[in-house]
Enquirer: 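One structure coming up, written as structure tokens, with questions to follow.
Keep in mind that this is a model prediction, so the values were computed, not measured. What you see below is based on every heavy atom in this structure, not just the backbone, and it leaves out hydrogens, waters and symmetry mates.
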Number of protein chains: 2
Amino acid sequence: MVRTKVEIKRIEDKAKRHTTFTKRRQGLFKKTKELVKRCDAEAAVITFSLAGNIFAFGHPSVDNVVNRYIASTSALEHGEVVPVHEEAEMERDAVIGTMENEETLGLEVPLDDMGMDELEELDRTMKEMKKKVVDKIDGIISSSKT
Amino acid sequence: MVRTKVEIKRIEDKAKRHTTFTKRRQGLFKKTKELVKRCDAEAAVITFSLAGNIFAFGHPSVDNVVNRYIASTSALEHGEVVPVHEEAEMERDAVIGTMENEETLGLEVPLDDMGMDELEELDRTMKEMKKKVVDKIDGIISSSKT
DNA sequence: CGGGCTATTTTTAGCTT
DNA sequence: TAAGCTAAAAATAGCCC
């Protein structure tokens, strides 16, 4: 029973936290399915438990929605601007992991020598490039799955 | 009031569908925030309304979760296999859009000449490549956001 | 552990403005 | 068109097994 109004804060007990994660994740997926069905929308939910397990659901598929998201965040294909309404973070206690990929793909760029306009241009170019590469690779992957 | 039990099916009336989409999307985001807070998990929700508007929420950020998802679906970095528990699709009425990107990045591959082993190898190579490119580009993008 | 129960809180469909 | 209201439906915390 939810006798007492539950406070939305981190659950310290590991077992209890996992139980709640499982239950609420199922609830979240159910809600997502209902949204998709009732509103004829596309949606994806991706969750990582503290243990590192991945759970994802998406309609038409997680990859489809993710690719559409990536495409949209770099959408300047034909000058169309698709505004992304991104929800603000609730609190500032997040620990954002640092990117530590030391491998190089030969894409070094002299950022220091650039002005703001050039940086913005680079940002758009990179996002566009990312979209193209992701699209292309996904195309190759799906054609090899026949 | 929800006097009558609502059937989870497509809402035909456009205005009503949009209202429901808005309300349920807000509910979904709230649930996601609660899951993140209570279970110390990472999660992202991406939705596209029928009108084409994008709404996304993620902790630590949508991009962070999406990148982690992409990395995981191609994770063979050090031989670790991270299982993705992907929910099955509920129904077979989905219309999956065909990829029609005719632009080339010079990545043409002679698929027909390949055997199954080579196709699987290509699949892993492509996913790995996708991860590296996405990581690299995101690295460049975030360093230009300083 | 994972599944079932249920009291209570939370969500939300339909309404009103 | 969007923003409240409210009663009924749905989700779920704590417990049992």
Side-chain angles (χ1 to χ4, degrees), chain A residues 1-59 81-91, chain B residues 1-59 81-91:
Chain A
M1 331 77 169
V2 186
R3 309 169 194 274
T4 50
K5 180 172 151 188
V6 303
E7 201 189 337
I8 300 299
K9 52 170 281 198
R10 187 189 141 96
I11 298 168
E12 294 305 328
D13 181 58
K14 193 179 171 183
K16 205 178 276 188
R17 191 170 61 232
H18 180 257
T19 302
T20 297
F21 177 76
T22 302
K23 285 184 174 181
R24 281 183 172 267
R25 175 173 43 74
Q26 288 169 347
L28 198 64
F29 283 173
K30 189 181 179 191
K31 287 279 186 201
T32 305
K33 289 171 191 173
E34 290 179 357
L35 181 74
V36 162
K37 274 201 179 175
R38 280 179 71 72
C39 306
D40 205 10
E42 296 189 7
V45 181
I46 302 167
T47 66
F48 291 89
S49 70
L50 250 194
N53 283 111
I54 313 167
F55 297 88
F57 166 75
H59 175 90
V81 177
V82 183
V84 179
H85 309 271
E86 189 160 344
E87 279 263 311
E89 196 64 54
M90 48 227 152
E91 270 172 34
Chain B
M1 328 75 167
V2 186
R3 308 171 195 276
T4 50
K5 180 173 153 184
V6 303
E7 204 188 337
I8 299 300
K9 52 171 281 195
R10 187 190 140 96
I11 298 168
E12 295 305 328
D13 182 59
K14 194 179 171 182
K16 203 178 277 189
R17 192 170 61 231
H18 180 256
T19 303
T20 296
F21 178 77
T22 302
K23 285 183 174 182
R24 280 182 172 267
R25 175 173 43 76
Q26 288 169 347
L28 199 63
F29 282 172
K30 189 183 179 191
K31 288 278 185 200
T32 306
K33 289 171 190 173
E34 291 180 356
L35 182 74
V36 163
K37 274 202 181 176
R38 281 179 70 73
C39 306
D40 204 9
E42 296 190 7
V45 181
I46 301 168
T47 67
F48 292 88
S49 70
L50 207 51
N53 283 110
I54 313 169
F55 298 87
F57 166 74
H59 175 88
V81 177
V82 183
V84 178
H85 309 271
E86 188 158 345
E87 281 266 310
E89 197 63 56
M90 50 225 149
E91 273 172 33

Enquirer: Would you say that V45(B) contacts F29(B) through its side chain, given a criterion of any heavy-atom pair below 4.5 Å between the two side chains?
Expert: yes

Enquirer: Rounded to the Å, how far apart are K33(B) NZ and dT10(C) P?
Expert: 16 Å

Enquirer: Compare all side-chain heavy atoms of L35(B) with those of F21(A) and state whether any distance is below 4.5 angstrom.
Expert: yes

Enquirer: Starting from C1' on dA2(D), measure out to CZ on R17(B) and report it in whole angstrom.
Expert: 18 Å

Enquirer: Closest approach of L50(A) and C39(B), non-hydrogen atoms and distance?
Expert: CG-O, 4.1 Å

Enquirer: How many whole angstroms separate atom CZ of F21(B) from atom C1' of dA13(C)?
Expert: 17 Å

Enquirer: Whole angstrom is fine here: how far is it from NE2 in H18(B) over to C1' in dA3(D)?
Expert: 14 Å

Enquirer: How would DNA chain C look in dot-bracket form, 5' to 3', counting Watson-Crick and G-U wobble pairs with both distances under 3.5 Å and writing | for bases paired to another strand?
Expert: .||||||||||||||||

Enquirer: Between dT9(C) atom P and R38(B) atom CZ, what is the distance in whole Å?
Expert: 14 Å

Enquirer: Taking N or O atoms only and anything under 3.5 Å, show me the protein contacts with nucleotides 10-12 of chain D, one pair per line.
Expert:
{"unit_1": "dA11(D)", "atom_1": "OP2", "unit_2": "K30(A)", "atom_2": "NZ", "d": "2.6"}
{"unit_1": "dA11(D)", "atom_1": "O3'", "unit_2": "K31(B)", "atom_2": "NZ", "d": "3.2"}
{"unit_1": "dT12(D)", "atom_1": "OP1", "unit_2": "K31(B)", "atom_2": "NZ", "d": "3.2"}

Enquirer: A44(B): which residues meet the side chain to side chain contact (heavy atoms under 4.5 Å, CB included) condition with it, sequence neighbours left out?
Expert: V65(B)

Enquirer: Using atom NZ of K16(B) as one end and atom P of dT16(C) as the other, report the distance to the nearest whole Å.
Expert: 13 Å

Enquirer: Applying salt bridge (Lys or Arg N to Asp or Glu O under 4.0 Å), name anything that partners R24(A), two or more places apart in sequence or on another chain.
Expert: E34(B)

Enquirer: Can you tell me the distance, in whole Å, between the CD1 atom of I11(B) and the P atom of dT12(C)?
Expert: 12 Å

Enquirer: Return the set of residues passing side chain to side chain contact (heavy atoms under 4.5 Å, CB included) with K16(B) (not counting sequence neighbours), or none when no residue passes.
Expert: I11(B), D13(B)

Enquirer: What's the CZ-P distance between R25(A) and dA13(D), to the nearest Å?
Expert: 14 Å

Enquirer: For the residue pair K31(A) and K31(B), what are the closest heavy atoms and their distance?
Expert: CE-CE, 4.3 Å

Enquirer: Where is the tightest heavy-atom contact between A41(A) and S49(B), given as atom of each residue plus distance?
Expert: CB-CA, 4.4 Å

Enquirer: Which residues satisfy the side chain to side chain contact (heavy atoms under 4.5 Å, CB included) test with T19(A), sequence neighbours excluded?
Expert: K23(A)

